[in-house]
Q: 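Please read through the structure below; I'll follow up with questions.
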Amino acid sequence: QFSEKTYQIKGGQKSCSNVFSMFEQSQIQEFKEAFGCIDQDRDGVIKKQDLKETYAQLGKLNVKDEELDEMLNEGKGPINFTVFLTLFGEKLNGTDPEDTILAAFKLFDPNGTGFVNKDEFRRLLMNQADKFTADEVDQAFALAPIDPTGNIDYKSLCYIITHGDEKEES
């Protein structure tokens, strides 16, 4: 698996080697974890069924095939990790950290409400990728603007993350 990716990088495709230099190692690791979460069947390629299952886990069951095809067509071929990273590189090039964080939260807000459910988000943080402990989730939620129905206003949270919290500075 690793040697295959190494070969793709060394295979003379300039775009591949450039895309890895666009990100820090820690960012590449985070993208790798995100890729792993989306690649449901763990075959190293994101396909329509992987996207359907990922959306289903996030509570969006009625994603149109056309939407999924549109996403997959952005890769102009099979979406392996290198292509995935390239797509994000193109999308994130020239964005500020706040936009990047907002884009990440929007993945968990398929209906575009501006909110993510606190309990569902807690479950994801504790069960996916870099599994958070309960204490780490509590720390992360300490500054989060959470409404009475248990939803996190992630646009406000992004502002707090990138600009600091007034309450902290007093």
Q: Any side-chain to backbone donor/acceptor pair from Asp39 onto Ile46? Under 3.5 Å, distance only.
A: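 Here the side-chain-to-backbone pair does not exist.
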Q: What distance do Cys158 atom SG and Ile101 atom CD1 have between them, rounded to the nearest 0.5 Å?
A: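 Rounded to the nearest 0.5 Å, the SG-CD1 separation comes out at 5.5 Å.
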Q: Between the side chains of Gln49 and Glu53, is a donor N or O closer than 3.5 angstrom to an acceptor N or O?
A: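 Their side chains do contain a donor-acceptor pair, which is all the 3.5 Å distance test asks for.
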Q: Identify the two heavy atoms, one from Cys37 and one from Gln128, that lie closest to each other, and give their separation to 0.1 Å.
A: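 Taking every non-hydrogen atom into account, SG-OE1, 3.2 Å.
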Q: How long is the gap from CD on Glu74 to NZ on Lys76, to the nearest 0.5 Å?
A: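 Answer rounded to 0.5 Å: 7.5 Å.
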Q: Rounded to the nearest 0.5 Å, how far apart are NZ of Lys48 and CD1 of Ile79?
A: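 The NZ atom of Lys48 sits 12.5 Å away from the CD1 atom of Ile79.
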Q: Quick one: is the NZ or CZ of Lys118 closer than 6.0 Å to the six-membered ring centre of Phe141, and within 45° of its axis?
A: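 No - Lys118 does not lie over the ring of Phe141 by the 6.0 Å and 45° rule.
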Q: Spell out, yes or no, whether Val45 and Phe81 are grouped together once hydrophobic residues are joined by side-chain heavy atoms under 4.5 Å, including indirect joins.
A: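 No: no chain of side-chain contacts under 4.5 Å links Val45 to Phe81.
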Q: Specify the closest pair of heavy atoms between Leu58 and Phe108, including all atoms of both residues, with the distance to one decimal.
A: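 Closest pair (atom of Leu58, atom of Phe108, distance): CD2-CD2, 3.5 Å.
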Q: Looking at side-chain heavy atoms only, is the closest gap between Leu51 and Val63 below 4.5 Å?
A: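 They are not in contact (no side-chain heavy atoms under 4.5 Å apart), so the answer is no.
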Q: Does any part of the side chain of Val83, heavy atoms only, come nearer than 4.5 Å to the side chain of Pro78, both counted from C-beta?
A: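 No; the side chains remain at least 4.5 Å from each other.
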Q: Write down the atom of Ile28, the atom of Phe20, and the distance for their closest heavy-atom approach.
A: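 What the structure gives for the nearest pair is CD1-O, 3.5 Å.
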Q: For salt bridge (Lys or Arg N to Asp or Glu O under 4.0 Å), just list the numbers for Asp69 and Lys64, CA-CA rounded to whole Å, side-chain angles, deciding distance to a tenth of an Å, and then say yes or no.
A: CA-CA 9 Å; Asp69 289 333; Lys64 294 184 177 78; over 6 Å; no
Q: Any sub-3.5 Å donor-acceptor pair from Asn111's side-chain atoms to Thr113's backbone N or O?
A: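 Judged by distance alone, no pair lies under 3.5 Å.
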Q: For Glu24, does its backbone N or O pair with a side-chain atom of Gln27 as donor and acceptor, under 3.5 Å?
A: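 Yes; judged by distance alone, with no hydrogens or angles, the pair exists.
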Q: Run the salt bridge (Lys or Arg N to Asp or Glu O under 4.0 Å) test on Arg122 and Asp119 for me, step by step, so that the C-alpha distance in whole Å, both residues' side-chain angles and the decisive distance to 0.1 Å come before the verdict.
A: CA-CA 5 Å; Arg122 171 183 286 275; Asp119 297 329; 5.2 Å; no
Q: Please walk me through it: do Thr149 and Asp147 pass side-chain hydrogen bond (donor to acceptor under 3.5 Å, both in side chains)?
A: CA-CA 5 Å; Thr149 61; Asp147 72 14; 2.7 Å; yes
Q: Rounded to the nearest 0.5 Å, how far does OH of Tyr154 lie from CZ of Phe115?
A: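 Rounded to the nearest 0.5 Å, the CZ-OH separation comes to 9.5 Å.
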Q: Where is the tightest heavy-atom contact between Gly89 and Phe23, given as atom of each residue plus distance?
A: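 Of all heavy-atom pairs spanning Gly89 and Phe23, the closest is CA-CZ, 3.5 Å.
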Q: Are any non-hydrogen side-chain atoms of Leu157 and Phe105 less than 4.5 angstrom apart?
A: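 Result yes, sub-4.5 Å side-chain heavy-atom pair found.
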Q: According to a hydrophobic-cluster definition based on side-chain heavy atoms being under 4.5 Å apart (Ile, Leu, Val, Met, Phe, Trp, Tyr only), do Leu68 and Phe84 belong together?
A: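 Same cluster.
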Q: Which atom pair, heavy atoms only, marks the closest approach of Ile152 to Ala144?
A: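 Shortest heavy-atom separation between Ile152 and Ala144 comes out as CG2-CB, 4.2 Å.
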Q: Do Leu125 and Lys131 touch side chain to side chain, with heavy atoms closer than 4.5 Å?
A: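 Not in contact.
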Q: For the atom pair OH (Tyr55) and CE (Met71), what is the distance rounded to the nearest 0.5 Å?
A: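 Nearest 0.5 Å value for the OH-CE distance: 3.0 Å.
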Q: Looking at CG of Leu72 and CG of Asp65, how far apart are the two atoms once the value is rounded to the nearest 0.5 Å?
A: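 It comes to 10.0 Å.
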Q: For Asp50 and Gln40, work out which heavy atoms get closest and say how close.
A: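 Taking every non-hydrogen atom into account, OD1-N, 3.2 Å.
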